[in-house]
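Computed from heavy atoms alone, side chains included, the values below leave out hydrogens, waters and symmetry copies. Order of listing sets the numbers, starting from 1, for every ligand and every atom in it. All figures in this text were calculated on a predicted structure; none of them were measured in a lab. One-based numbering along the sequence shown.
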Amino acid sequence: MLLPVITLDTKEDRSQNLIINISGSGVSLSGRVQIPGDKSISHRALMLGAIAQGETQIRGLLLGEDPRSTAACFRAMGAEISELNTDLVTIKGIGLGNLQEPVDVLNAGNSGTTLRLMLGLLASHPGKFFTVTGDNSLRSRPMSRVVKPLQQMGGQIWGRRENSLAPLAVSGQVLKPIHYHSPIASAQVKSCILFAGLMTEGETIVTEPEISRDHSERMLKAFGAQLQVDPDTKTVSVVGGKPLQGQSVVVPGDISSAAFWLVAGAITPGSELVVENVGVNPTRTGILEALTMMGAEIRQENQRLVAGEPVADLRVRCVRENGRLPLKACTIGGEIIPRLIDEIPILAVAAVFAEGVTVIKDAAELRVKESDRITVMVQQLTKMGANITELPDGMEITGGTPLQGTEVDSFTDHRIAMSLAIAALNATGKTTIHRAEAASISYPDFTTTLERICQV
Ligand code: S3P
């Protein structure tokens, strides 16, 4: 009897085990994949639509848990946001400076982007009081990176551990502009300050050590903000007070979700996949550069510009030559890190199937994501038999040790759950991924797609 390759087992507490059972002959992957909308762009479209004048229309919104948290927060502050769906979401914006004081705590769930970007808007609403919180993971993630610059602008924010942990209380103020030299390359920090700058008289300026994703800049310009970007000095500035106008936004597919299929297609022998409609904004394409450096065969097809963001279909193949490992090891660090930060868990899986020693460094930020992604990936891949060691700011992976199916855990981190699933496809025997439901944070249809493209 042929055992099913993929089963999803829902438990009494509603958590799910994803069981992937690979027999000796293995699977290959083929077909075309449509990925969900970009998470970063989805959050920004909901937020800017809420604070703009007039109607915003969003097509292709991500229907994951994170954007749902953003929509719930902004509905609670007066924005009329239609039911969320991928075809069309309409928002009746309430205009700059008009967020209403919510009658209850705003809950950002698992979403750091919701909480950090929103703080910039809340802190700059004078005379209004807000309380914000999140789930267990979010309440342990550092907020001082946005609280400190907001305090320099005159923001009043309180929370546990010297105002660095949610729940946070915010008393909105008239802020003053600053030039903030951020110690970390973080689009959330940059966007939070720029959002606060929208309501602040004068020029608010942010300089980053490396360029982080620029979706806020692109969208703020489209909505009519007075924004200047200087890529040479990695500086962005906004002049406050200019009303934003509702826009039509088309959200491209999320390259961070595409990354699971790109790595799966690159390491699973005999595979060929086309991932359609992927956002290929250069501040996000570090994963394509890294995989190409490792020798993966990835082709960009049908390149186009959709509502200000570059988009392409990506074709990936894995042709294994006389039993050799499909990829070569590489060293990843420096300026590329912010451009592939969310893809490092799946890149670690790619490195397990690469000849030689892959080093990932300058990525200490991974320790403060939805989980400590360095420790968790090293522990879970080690359980499966990988030769991987933890570095303070990354990991070192010696490719080539075969993986064995076993019991692993997502630690409720969506990107860990999906990375382990791709590792499991290339392990022998049965892998059980505990708390796999975490995938729905950014990719609700992940398991269905996985089932569809697997050929036994
Ligand atoms: C995001 C920025 C990144 C990324 C996160 C989404 C954004 O975080 O890891 O998933 O939408 O601005 P940092 O700003 O902390 O680097």
Side-chain angles (χ1 to χ4, degrees), residues 36-48 61-62 64-67 69-70 108-121 134 137-138 140-149 164 166 180 182-196 206 208-220 234 236 249 251-252 254-260 279 281 283-287 309 335-347 362-374 377 393 413-419 438-439 441-443:
D38 187 279
K39 183 156 78 67
S40 294
I41 297 176
S42 295
H43 285 301
R44 286 157 173 82
L46 290 166
M47 290 188 192
L48 294 190
L61 187 88
L62 165 65
E65 295 303 321
D66 274 10
S69 297
T70 294
N110 191 245
S111 174
T113 311
T114 307
L115 185 40
R116 295 198 179 113
L117 268 57
M118 190 166 68
L119 273 180
L121 296 173
S137 152
L138 190 56
S140 67
R141 295 178 65 187
M143 293 300 142
S144 41
R145 56 184 58 199
V146 288
V147 169
K148 281 191 177 143
S164 74
Y180 189 63
S182 178
I184 45 174
S186 159
Q188 293 179 356
V189 172
K190 173 175 65 180
S191 306
C192 167
I193 300 166
L194 293 174
F195 282 12
V206 187
E208 299 189 273
E210 303 293 352
I211 292 179
S212 64
R213 63 192 67 190
D214 67 356
H215 305 301
S216 292
E217 292 91 309
R218 287 174 190 248
M219 205 181 288
L220 280 167
K234 299 166 187 147
V236 190
V249 180
V251 183
D254 198 326
I255 191 166
S256 299
S257 299
F260 301 107
N281 176 320
T283 61
R284 297 285 298 282
T285 47
I287 183 67
E309 291 275 355
E335 75 68 46
I336 199 172
I337 294 293
R339 298 191 297 114
L340 51 60
I341 188 75
D342 292 339
E343 290 69 74
I344 292 177
I346 189 62
L347 201 56
D362 305 323
E365 271 295 300
L366 288 176
R367 296 203 181 274
V368 290
K369 294 293 178 189
E370 286 83 330
S371 69
D372 177 340
R373 288 181 174 163
I374 297 178
M377 277 314 283
D393 63 344
D413 183 329
H414 54 131
R415 302 209 195 278
I416 303 279
M418 293 184 274
S419 300
I441 290 289
S442 62
Y443 204 153

Note: Glu210-Arg339 ion pair, threshold 4.0 Å (strictly below):
no

Could you tell me which atoms of ligand 1, counted from 1 in the order shown, lie closer than 4.0 angstrom to a heavy atom of Ile341?
9 (O)

Check: Gln188 N/O within less than 3.5 Å of ligand 1 N/O
yes

Record the part of His43 in heavy-atom contact with ligand 1 below 4.0 Å; permitted values are side chain, backbone, both and neither.
neither

Among non-hydrogen protein atoms, atom 12 (O) of ligand 1 lies closest to Arg44 NH2, 2.6 Å

Side chains of Phe260 and Arg415: closer than 4.5 Å at any heavy-atom pair?
yes

Under 3.5 Å between any N/O of Ser191 and any N/O of ligand 1: does that happen in this structure?
no

Do ligand 1 and Ser186 have nitrogen or oxygen atoms that lie under 3.5 Å from each other?
yes

Minimum-distance protein heavy atom relative to atom 4 (C) of ligand 1
Asp342 OD2, 3.3 Å

Here the atoms of ligand 1 under 4.0 Å from any heavy atom belonging to Thr113 are 1 (C), 6 (C), 7 (C), 11 (O)

among protein heavy atoms, the one nearest atom 8 (O) of ligand 1 is Lys369 NZ, 3.1 Å

So, are Asp342 and Lys39 salt-bridged, with charged N and O less than 4.0 Å apart?
no

If you measure from the Lys or Arg side-chain nitrogens to the Asp or Glu carboxylate oxygens, is any gap between Glu335 and Lys234 under 4.0 Å?
no

Ligand 1 N/O within reach of Ala187 N/O, cut-off under 3.5 Å
yes

Might you work through the side-chain contact (heavy atoms from CB on, under 4.5 Å) test for Asp38 and Leu62, ending with a clear yes or no?
CA-CA 6 Å; Asp38 187 279; Leu62 165 65; over 6 Å; no

Is Arg284 paired with Asp254 through a side-chain N to carboxylate O contact shorter than 4.0 Å?
yes

Please lay out, stage by stage, how Ser186 and Arg145 fare under the test side-chain hydrogen bond (donor to acceptor under 3.5 Å, both in side chains).
CA-CA 9 Å; Ser186 159; Arg145 56 184 58 199; 4.7 Å; no

